[in-house]
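Contents: one structure, followed by commentary.
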Amino acid sequence: MSNLTTSIQLTQQSTYKLNNGQHIPVAGYGLYLCPDEQSKHLVYKALEAGYRHIDSAVYYGNQRSAAQAIAEFLKDHPEVKREDIWFTTKLTNDAHGYEETKKEIALIASEIKESLGYLDLVLLHSPKSNKERRLGTWKALQEFVLHPQNEVLNIRSIGVSNFGVDHLEEILNWDGLLVKPVLNQLELHPWLPRLELREYLCKHDILAEAYSPLTQGYMLNDPELLELEKKSGISKIEILIKWSYLQGFVVLVKTEKEERIAQNLNILPKGNNDILGETSNLGKIELPSSVLEALDKPDSHVVLTWDNVDPTLYKDGDI
Ligand SMILES: NC(=O)C1=CN([C@@H]2O[C@H](COP(=O)(O)OP(=O)(O)OC[C@H]3O[C@@H](n4cnc5c(N)ncnc54)[C@H](OP(=O)(O)O)[C@@H]3O)[C@@H](O)[C@H]2O)C=CC1
Ligand SMILES: O=C1Nc2ccccc2C1=O
């Protein structure tokens, strides 16, 4: 399933429709390794720049600050509504299991509910526990989604991260399944295109969300990428971010440098979905086919995060 789509119509405010009918903004600002004391300021700046999607996790230790920044931004910008902003957090692996998950959701609520009211999306950060505990977590999460008036936290969507086909099959074939995962957040970039897994996701109407689209910085001095930058005259950052959008992913980019926030987002044109038409060039992003062909590495499997051990291949009992 090689995808050499050379152009796509998207803007900074574009959204994709999930399998539960909710709309997720395609451009996300990620908070992994953003120090908590800077996160409030950085998220506020990201929202000012135009991001409407923030990705955090219990593990990152910055979800409270991120939520506070969103609340402050909404107070300062009455034209922007809570529904315009998407906030994701992730459960730690230690919180897998029915009771453990309910406890961690209560902790998440204590950190974000006052600021946000409800949570757009909660993910299992990885499959790294065991089948019984993963399904216990899913049972608890489903209950939150199915009972939005519950006293703890209104959660609108639930999903997974770093899940392989086997982990997804477990949920999708479970006889207690009532709510499907809306998306799978994965390390995805030209050196890790995960074609088979994406085909499976597509078949089951589960969106692929890309983390580490800039390879967490590891491949930014790759000679082939530098050569492409030189030949095409397109910066390597623009090449990698556009590659990710052209695959149809929701794209999460992290920076803790203020000036890079807008630089990364402005790779997408400004504007909203409504102004895009079949014949309009407004909102079109593209890469030359020569660049896409060079980055088409269907068999490459270079895992740069998670200590270079692919979490989608985790088997119960592995460390
Ligand atoms: N579910 C999961 O297991 C995981 C989820 N994620 C999510 O995805 C997000 C993004 O992925 P992440 O792993 O952080 O990596 P990215 O691919 O977004 O890369 C981030 C790195 O690129 C640098 N960078 C960013 N913008 C530029 C630029 N314009 N020019 C040069 N360098 C730049 C950053 O440095 P600097 O900050 O100094 O600008 C940082 O070192 C995370 O923050 C997190 O929200 C990430 C990993 C795992
Ligand atoms: O977000 C994350 N980024 C990571 C990189 C390495 C290991 C774990 C993680 C995360 O949970």
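Counting starts at 1 for both ligands and their atoms, in listed order. All values below were derived from every heavy atom in this structure, side-chain atoms included, with hydrogens, water molecules and symmetry-related copies excluded. Remember, it's a predicted structure, so these values are computed and weren't measured experimentally. Along the sequence shown, the residues carry numbers beginning at 1.
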Name all pairs fulfilling the ring pair (Phe, Tyr, Trp, His ring centres under 6.0 Å) condition that reach into residues 202-228, sequence neighbours left out, sorted by first residue then second.
Tyr200-His204
May I ask you to identify the nearest protein heavy atom to [atom], giving residue, atom name and distance to one decimal place in Å?
atom	value
atom 25 (C) of ligand 1	Lys254 O, 3.1 Å
atom 38 (O) of ligand 1	Lys257 NZ, 2.5 Å
atom 26 (N) of ligand 1	Asn264 ND2, 3.0 Å
atom 13 (O) of ligand 1	Gln216 NE2, 2.6 Å
atom 45 (O) of ligand 1	Asp55 OD2, 2.6 Å
atom 2 (C) of ligand 1	Tyr211 CE2, 3.3 Å
atom 12 (P) of ligand 1	Ser212 OG, 3.7 Å
atom 17 (O) of ligand 1	Leu214 N, 2.7 Å

So which of Gln263, Arg260, Met219 gets nearest to atom 36 (P) of ligand 1, if we judge by its closest heavy atom?
Arg260
Heavy atom to atom 43 (O) of ligand 1, shortest distance: which of Tyr29, Tyr60, Tyr32 holds it?
Tyr32
Pairs in or reaching into residues 185-195: which pass side-chain hydrogen bond (donor to acceptor under 3.5 Å, both in side chains), with residues at least two apart or in two chains?
Asp55-Gln185, Gln185-Glu209, Glu187-His189, Glu187-Thr305, Arg194-Asp310, Arg194-Thr312
Taking the non-hydrogen atoms of Ile237, is any one of them nearer than 4.0 angstrom to ligand 1?
yes
Looking at [Y], is its backbone amide N or carbonyl O close enough to the side chain of [X] to form a donor-acceptor pair, meaning the two atoms are under 3.5 Å apart?
X	Y	result
Asn264	Val253	no
Trp174	Lys139	no
Asp84	Arg52	no
Asn184	Phe163	yes
Asp76	Phe73	no
Lys81	Pro78	yes
His147	Phe144	no

Structural part of [X] in contact with ligand 1, heavy atom criterion under 4.0 angstrom:
X	value
Ser56	neither
Leu33	neither
Ser161	side chain
Glu256	both
Thr215	backbone
Leu252	both

One pair per line, please: each N/O atom of ligand 2 matched with every protein N/O atom under 3.5 Å away, atom names first, then the distance to 0.1 Å.
residue, atom, partner, partner atom, Å
ligand 2, 1 (O), Tyr60, OH, 2.4
ligand 2, 11 (O), His125, NE2, 2.6

Within 45° of the axis and under 6.0 Å from the centre of the six-membered ring of Tyr118, does NZ or CZ of Arg82 qualify?
yes
Between Glu72 and Lys75 (salt bridge meaning N to carboxylate O under 4.0 Å), is one present in this structure?
no
If we check side chain to side chain contact (heavy atoms under 4.5 Å, CB included) with Leu183, which of these qualifies: Ile24, Leu201, Asn19?
Ile24
Val122, Leu123, Leu119 screened by side chain to side chain contact (heavy atoms under 4.5 Å, CB included) with Thr88, the one that passes
Leu123
Which of the ligand 1 atoms, numbered from 1, are nearer than 4.0 Å to a heavy atom of [X]:
X	answer
His125	1 (N), 2 (C), 3 (O)
Trp306	3 (O)
Leu31	43 (O), 45 (O)
Val253	18 (O)
Gln185	1 (N), 2 (C), 4 (C), 5 (C), 6 (N), 7 (C)
Thr255	25 (C), 26 (N), 36 (P), 37 (O), 39 (O)

Answer with yes or no whether the side chains of [Y] and [X] bring together a donor and an acceptor at under 3.5 Å.
X	Y	value
Gln38	Asn62	no
His41	Glu258	yes
Ser157	Gln22	no

Give the other cluster members for Leu192, using side-chain heavy-atom distances under 4.5 Å between Ile, Leu, Val, Met, Phe, Trp and Tyr residues; answer none if it is isolated.
Val303
